[in-house]
Amino acid sequence: MPPPPLTPPTSPAGLRATARIHAVADGRGGTALPLLAGEGPLALRRTRSSSGAEAGVMLVGAMTAPLGGDHLTVEATAGPGARLALASAAATLALPGRSGEPARYDVHLTLEDGASLRWLPEPLVSVRGSDLRVRTRVRLAPTARLVLREEQVLGRTGEAPGLLRSRLTVESGGRPLLDQELACGPGAPGGWDGPAGLAGYRALGQLLVVDPAFAAQPPAAAVLGEFAAVTPLAGPAVLVTALAADALRVRELLDAACRTYGW
């Protein structure tokens, strides 16, 4: 009997990986991390924070990701009274994959009563030929505080960008606080790079600060330089958006805003 025909190999599915962080108040004025678990390229390392009450966690890229077809997820919860600072060790490069499928990067942040969380990752670089969809969802208790920074760089030096679609959704006390979406690169809606869009610039970013103290003293709307603005939100919160020729200038603008509105 002849051997059965060989089954052609199927295309491997994209990488799936999740990093999970849970922070709780330790009862001694500090913050403990009963859950700190990473997978694949999402390695987690505890770091020393500038504040003794705050637990620091660094997201370290253990392998190249996200490639097309990959799905990465970061889930972080700060329990009542916990203080957590999350950062990444290096920029994230969105790279093309063999399958032609888009890559996905999801971030889910939950802050309970009296908790505070700082999410300050390094920039996301949209490499030519890549297709990345980023979705960040934040749920806060009314007494929680948040500092969240996002920075995007469209292409490496002298390179056209890939397609980047990013959405940020924030709820405070179960009510919508912010819901906005960004689309840049080939395949994005027309006008994204025009005068009413990025106007030819390739680095952009935003800083969101949610603080119950803003209820009594809300920040005023302001202009920071030529392409940066401060927008108070109902919530209470403030959103700072910045646009520049390079990532260094965007970081300078957002760092200055963080010193003014953050903690």
Side-chain angles (χ1 to χ4, degrees), residues 11-19 39-43 59-74 86-108 119-137 148-169 178-208 227-228 241-251 253-254:
S11 298
L15 176 71
R16 303 291 186 271
T18 301
E39 297 176 337
L42 301 176
L59 185 63
V60 180
M63 57 191 292
T64 301
L67 301 172
D70 290 351
H71 190 173
L72 308 182
T73 304
V74 175
L86 302 179
S88 60
T92 298
L93 267 65
L95 298 167
R98 295 182 179 181
S99 67
E101 294 294 319
R104 299 179 183 274
Y105 198 129
D106 293 335
V107 178
H108 304 296
W119 170 235
L120 301 172
E122 293 303 304
L124 168 64
V125 181
S126 176
V127 172
R128 180 179 181 179
S130 65
D131 184 351
L132 177 63
R133 301 175 184 180
V134 181
R135 181 67 186 269
T136 302
R137 299 180 181 178
L148 182 150
R149 182 182 70 208
E150 292 185 335
E151 298 169 318
Q152 295 92 15
V153 179
L154 305 182
R156 294 168 292 193
T157 302
E159 177 185 64
L163 175 58
L164 173 62
R165 287 168 283 192
S166 177
R167 184 172 180 181
L168 172 61
T169 305
L178 178 66
D179 190 348
Q180 68 176 26
E181 188 167 356
L182 168 74
C184 302
W192 69 271
D193 202 22
L198 301 187
Y201 286 94
R202 287 293 179 266
L204 60 154
Q206 60 184 359
L207 179 81
L208 174 67
F227 292 108
T241 55
L243 181 64
D246 56 59
L248 178 60
R249 180 55 179 157
V250 167
R251 176 62 62 86
L253 289 166
L254 296 186

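Source: prediction; values computed, not measured.
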How close do P96 and L67 get, heavy atom to heavy atom, and via which atoms? O-CD2, 3.9 Å
Does atom CZ of R135 have more than 12 heavy-atom neighbours, drawn from other residues, nucleotides or ligands, at distances under 6.0 Å? yes
Less than 4.0 angstrom from a charged side-chain N to a carboxylate O is my criterion; do D131 and R165 meet it? yes
Under 4.5 Å between any side-chain heavy atoms of L168 and Q206, yes or no? yes
Is there a donor-acceptor contact under 3.5 Å from the side chain of S126 to the main chain of G162? yes
Check this for me, if you would: do R133 and E101 make a salt bridge, where the nitrogen-to-carboxylate-oxygen distance has to be below 4.0 angstrom? no
Check: L120 main-chain N/O paired with R149 side-chain donor or acceptor under 3.5 Å: yes
Check step by step if side chain to side chain contact (heavy atoms under 4.5 Å, CB included) holds for W192 and L154. CA-CA 12 Å; W192 69 271; L154 305 182; 3.9 Å; yes
Do L42 and L59 come close enough that some side-chain heavy atom pair is under 4.5 Å? yes
Could you check whether any side-chain N or O of R249 sits under 3.5 Å from a backbone N or O of A247, counting only pairs where one atom can act as donor and the other as acceptor? no
Report the C-alpha distance between E151 and V153 in whole Å, list the side-chain angles of each, state the deciding distance to 0.1 Å, and finish with yes or no for side chain to side chain contact (heavy atoms under 4.5 Å, CB included). CA-CA 7 Å; E151 298 169 318; V153 179; 6.0 Å; no
To the nearest 0.5 Å, what is the distance between CG (L253) and CG (L248)? 10.0 Å
Write down the atom of D193, the atom of G200, and the distance for their closest heavy-atom approach. OD1-N, 3.2 Å
Sub-3.5 Å donor-acceptor pair from the side chain of E39 to the main-chain atoms of T18, do we have one? yes
Residue pair R251, E122: steps toward the side chain to side chain contact (heavy atoms under 4.5 Å, CB included) verdict: CA-CA 10 Å; R251 176 62 62 86; E122 293 303 304; 3.3 Å; yes
Within this structure, what is the CH2-OG1 distance for the pair W119 and T136, rounded to the nearest 0.5 Å? 8.0 Å
List the steps, then state whether side chain to side chain contact (heavy atoms under 4.5 Å, CB included) holds for Q152 with T92. CA-CA 10 Å; Q152 295 92 15; T92 298; over 6 Å; no
Could you check if a side-chain atom of L182 sits within less than 4.5 angstrom of a side-chain atom of Q180, using non-hydrogen atoms only? no
Taking all heavy atoms of L163 and all of G187, pick out the closest pair and write down the distance. CD1-C, 4.0 Å
Does R167 pair with D106 as a salt bridge, N-O distance under 4.0 Å? no
R128 to A160 - nearest heavy-atom pair and separation: CB-O, 3.2 Å
D70 side-chain N/O to L15 backbone N/O, donor-acceptor pair under 3.5 Å: yes
How many angstroms lie between atom CG of L204 and atom CG of L254, to the nearest 0.5 angstrom? 9.5 Å
If I compare all heavy atoms of P66 with all of L72, which pair ends up nearest, and what's the gap? CB-CD1, 4.0 Å
Can you tell me how far apart CD (E150) and OG1 (T241) are? Round to the nearest 0.5 Å. 12.0 Å
Identify the heavy atoms of A94 and L132 that sit nearest to each other, and give their distance. CB-CD2, 3.7 Å
